[in-house]
K.L.:
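Before anything else, here's the structure in question.
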Amino acid sequence: MSDHQPPHRELPETSSTTGNKGITRRGFLKGAGITAAGTALLDGVQSLQQEAQAATPKGVMEYGAEAFPVTLNINGKEHALHVETRTMLAEALRIGLGMTGTKISCDRGACSSCTVWLDKLPVNSCMTLAVDAIGHRVTTIEGLSTDSEVHPVQAAFVRHDAMQCGFCTPGMVMSCAALIERNPHPTERDVRVAISGNLCRCGTYPKVFAATLDAAGQHATKA
Amino acid sequence: MNSFSLADCTTVEAALSQLKNGAVVKAGGVDLLDRMKNGTDTPNRLVNIRNIRELRGIQSTPDGVTIGALTTLAEIADDPTIRAQYTILSDACGHAATPHIRNMATIGGNVLQELQCWYFRSAEFQCIRKGKEQCFAFSGLNQYHAIMDYGGCPSVAPSSSAVALLALNATIELTSAAKGKRKVAIQNFYVQPDANPHRFNVKADEELLTAIHIPKPAPGTRSAYQKYGEKESHDWAIADAGILLEMDGDICRRAVVTMGAASPVVRRSKEAEAVLTGKPITRDTARAAGKASMTGAMPLSMNGYKVQLFPIAIYRTILLAAGQMERDPSAAG
Ligand SMILES: Cc1cc2nc3c(=O)[nH]c(=O)nc-3n(C[C@H](O)[C@H](O)[C@H](O)COP(=O)(O)OP(=O)(O)OC[C@H]3O[C@@H](n4cnc5c(N)ncnc54)[C@H](O)[C@@H]3O)c2cc1C
Ligand code: SF4
Ligand code: FES
Ligand code: FES
């Protein structure tokens, strides 16, 4: 596990974290870093939390307003990081873990450039609290391809040149790949609906449709 | 966004015990977190109900269907029973917002979402709905605002699902720790701004919306909902129509026509319904009903287009419900 552990990063003071003046456990964990020792330390903090939990009523998990350690399952691996209750999943990924493939544009649920899968369902990570990802499997654009194989939708996007500036592309790909996972033989109408929340300012839509339909063909023959 | 503590609850009982001292419920969070990001809402404690399993799912009962408050819009839109017997609701849930939002947004949160008036959503404008005297929309940018029944606040009802639930005569189940369960008919659930500008609905702060009950439609019922937006998706309606027709052969025995984006509270158009009742559904009766729906319209300076759009939305949705027209490709989603 320690091999795969990403460097532990502190959440800097972003727009959503400014204003927290409380003393946090951040300093305590600072530099604990990457290794098994870091993980052990986090485990220790979590068991302290569990002790505190004993005092709260049944059926209630209490999270304070200050930063606390969590473990999130992202792309099949457990990642330890610190979040606050107000940390969005998109921020936890980008700032907390340095996984900047997930983009933030509107930050309001209106453009889908921040699309990730929560247990295979595409959602907007800018409107999902990081704590709501605890216990779920998160898949990001970084997790779509394996070391040996590019995901068919990504390969088709390259073949069809289905991007211009590329800022919407990770979200587009996550939406289209989710469609194909759930419906291996989509029609163009299905693709249109699947990306109806994805905004592309460069207007790449026709190529996105073509790439996704092509990927579905490839997917189907492989299966 | 301000910082806050969060009680993540897994049972209704636990959540109710936490609903005190200004704690605010969070379901999917799509509406609440938007207001918190905007800085209009600054709760210092949230009660997370998203993980309460018992509030999730759709159950058929002998007299209808019960939908748990946390059932997502996507789950409702895809449910075979809802699609077959409560088509207006699967249409409304399946065309609200974006596919990804529909995976997150709960039906309870959809019904309870607050106004989308851009002055209301901005922390820089303190209007009647925030306890001040002024409305900025009458003399300001009002192209998305109301054309009927608005009194002092011409915001529009934002919930697509409520347009369907009103036509279906749904009942909202509310639960509190002190008083247990009570049921409120959807037509009594929302509060007109002039009756009380500080409340959007009759749910008390310490109450959870736990379920929505919908009676089984009468035999021969056909229904549909269509939403017209500025874009093909990802936006609230500028005009929308919910149509429910109880047919007796070719004759419409009873008609319900509902609208969301016309007024601050979802409304029925008795005038449009009267045109259809006792008549066959044809292009002519549908067109006349659409026209009648605008009785009493008082558009603002920038939204006169809605007086033309609503009759078309209603005309086409009547024909869609009756099986005489395809879904309008220019209706959103
Ligand atoms: C880009 C975009 C487009 C949209 N377009 C549409 C559209 O076309 N049509 C439409 O209808 N909506 C639309 N929406 C709004 C969206 O559907 C709602 O924000 C969503 O349904 C709210 O549900 P939620 O579970 O996320 O609610 P939350 O944000 O969790 O809650 C909303 C409110 O209800 C309260 N609450 C929620 N559940 C309960 C409960 N069970 N008991 C007590 N209180 C509760 C919360 O305290 C909060 O005040 C759009 C949203 C976006 C971002
Ligand atoms: S329309 Fe209503 S919500 Fe909007 S500014 Fe006027 S009073 Fe406020
Ligand atoms: S950044 Fe999340 S939807 Fe736009
Ligand atoms: S490629 Fe530029 S926004 Fe889509």
Side-chain angles (χ1 to χ4, degrees), chain A residues 14-22 24 56-68 84-88 106-112 114-129 131-132 134-136 171 174-175 178-179 189 192-199, chain B residues 1-18 26-39 42-48 50-52 54 72 74-75 77-78 94-95 97-105 121 229 231-236 329 332-333:
Chain A
T14 64
S15 60
S16 79
T17 53
T18 42
N20 178 16
K21 298 191 183 70
T24 72
T56 57
K58 205 166 146 259
V60 182
M61 174 79 193
E62 188 64 45
Y63 295 95
E66 293 161 5
F68 47 87
E84 295 180 42
T85 51
R86 61 181 164 173
T87 307
M88 295 296 151
C106 71
D107 201 24
R108 288 298 189 281
C111 76
S112 297
C114 63
T115 302
V116 302
W117 301 348
L118 205 58
D119 300 328
K120 299 276 176 194
L121 279 185
V123 298
N124 305 112
S125 60
C126 75
M127 298 303 282
T128 303
L129 293 182
V131 291
D132 276 332
I134 297 172
H136 296 273
M174 292 309 285
S175 298
L179 169 67
R189 175 81 204 146
R192 280 177 184 267
V193 172
I195 64 156
S196 59
N198 290 81
L199 269 187
Chain B
M1 189 189 292
N2 62 291
S3 58
F4 53 86
S5 68
L6 180 139
D8 192 15
C9 299
T10 49
T11 66
V12 169
E13 200 189 343
L16 290 175
S17 77
Q18 299 300 308
K26 183 193 83 65
V30 179
D31 180 52
L32 177 65
L33 296 173
D34 180 78
R35 284 183 272 121
M36 291 173 67
K37 286 183 180 193
N38 294 350
T42 54
N44 52 33
R45 184 165 174 78
L46 297 191
V47 176
N48 194 17
R50 185 177 161 127
N51 298 313
I52 304 181
E54 59 189 293
T72 64
E75 287 161 353
D78 290 344
H95 292 87
T98 73
H100 305 356
I101 297 284
R102 296 196 287 269
N103 284 335
M104 308 162 70
R121 288 270 153 178
K231 299 176 254 182
E232 216 181 272
S233 174
H234 63 258
D235 228 340
W236 283 262

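Numbered from 1 within each chain, the chains take letters A, B, ... in sequence-line order. Not measured: the values here are computed from a predicted model.
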K.L.:
Identify which one of T10(B), N48(B), D8(B) satisfies the side chain to side chain contact (heavy atoms under 4.5 Å, CB included) criterion when paired with M61(A).
P.N.:
D8(B)
K.L.:
After noting the C-alpha distance and the side-chain angles of N51(B) and D132(A), does the key distance pass the side chain to side chain contact (heavy atoms under 4.5 Å, CB included) rule?
P.N.:
CA-CA 9 Å; N51(B) 298 313; D132(A) 276 332; 4.3 Å; yes
K.L.:
Rounded at 0.5 Å granularity, tell me how far CG in N124(A) sits from CE in M104(B).
P.N.:
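One finds 5.5 Å between CG of N124(A) and CE of M104(B).
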K.L.:
Identify the heavy atoms of C9(B) and V60(A) that sit nearest to each other, and give their distance.
P.N.:
SG-CG2, 4.2 Å
K.L.:
Heavy-atom distance under 4.5 Å between the side chains of E66(A) and S3(B), does that happen here?
P.N.:
no
K.L.:
When you look at CG of D119(A), are more than 12 heavy atoms from neighbouring residues, nucleotides or ligands closer to it than 6.0 Å?
P.N.:
yes
K.L.:
Report the residues that fulfil salt bridge (charged side-chain N to carboxylate O under 4.0 Å, His left out) with R192(A), sequence neighbours left out, ordered by chain and then residue number.
P.N.:
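Testing R192(A) for salt bridge (charged side-chain N to carboxylate O under 4.0 Å, His left out), a comparison that skips the adjacent residues, returns E188(A).
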K.L.:
Any side-chain heavy atom of E13(B) within less than 4.5 Å of one from P57(A)?
P.N.:
no
K.L.:
Residues in side chain to side chain contact (heavy atoms under 4.5 Å, CB included) with L33(B), at least two apart?
P.N.:
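Partners of L33(B) by the side chain to side chain contact (heavy atoms under 4.5 Å, CB included) criterion, ordered by chain and then number, come out as M88(A), M127(A), L129(A), M1(B), M36(B).
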K.L.:
Does any non-hydrogen side-chain atom of H100(B) lie less than 4.5 Å from one of N198(A)?
P.N.:
yes
K.L.:
Given heavy-atom pairs under 4.5 angstrom as the criterion, report whether the side chain, backbone, both or neither of A194(A) touches chain B.
P.N.:
backbone
K.L.:
Side chain, backbone, both or neither: which part of C111(A) has an atom under 4.5 Å from a heavy atom of chain B?
P.N.:
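For C111(A), there is no contact with chain B at all, as no heavy atom is under 4.5 Å.
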K.L.:
Would you name the heavy atoms of K37(B) and C126(A) that are closest together and state the gap between them?
P.N.:
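The pair with the smallest heavy-atom distance is NZ-O, 2.5 Å.
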K.L.:
For a 4.5 angstrom cut-off between non-hydrogen side-chain atoms, does N103(B) reach P122(A)?
P.N.:
yes
K.L.:
Do R108(A) and N38(B) have side-chain heavy atoms sitting under 4.5 Å apart?
P.N.:
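Side-chain contact under 4.5 Å: yes.
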K.L.:
Give, as side chain, backbone, both or neither, the part of I195(A) having an atom under 4.5 angstrom from any heavy atom of chain B.
P.N.:
neither
K.L.:
So which atom in A14(B) and which in G59(A) form the shortest heavy-atom distance, rounded to 0.1 Å?
P.N.:
CB-O, 3.5 Å
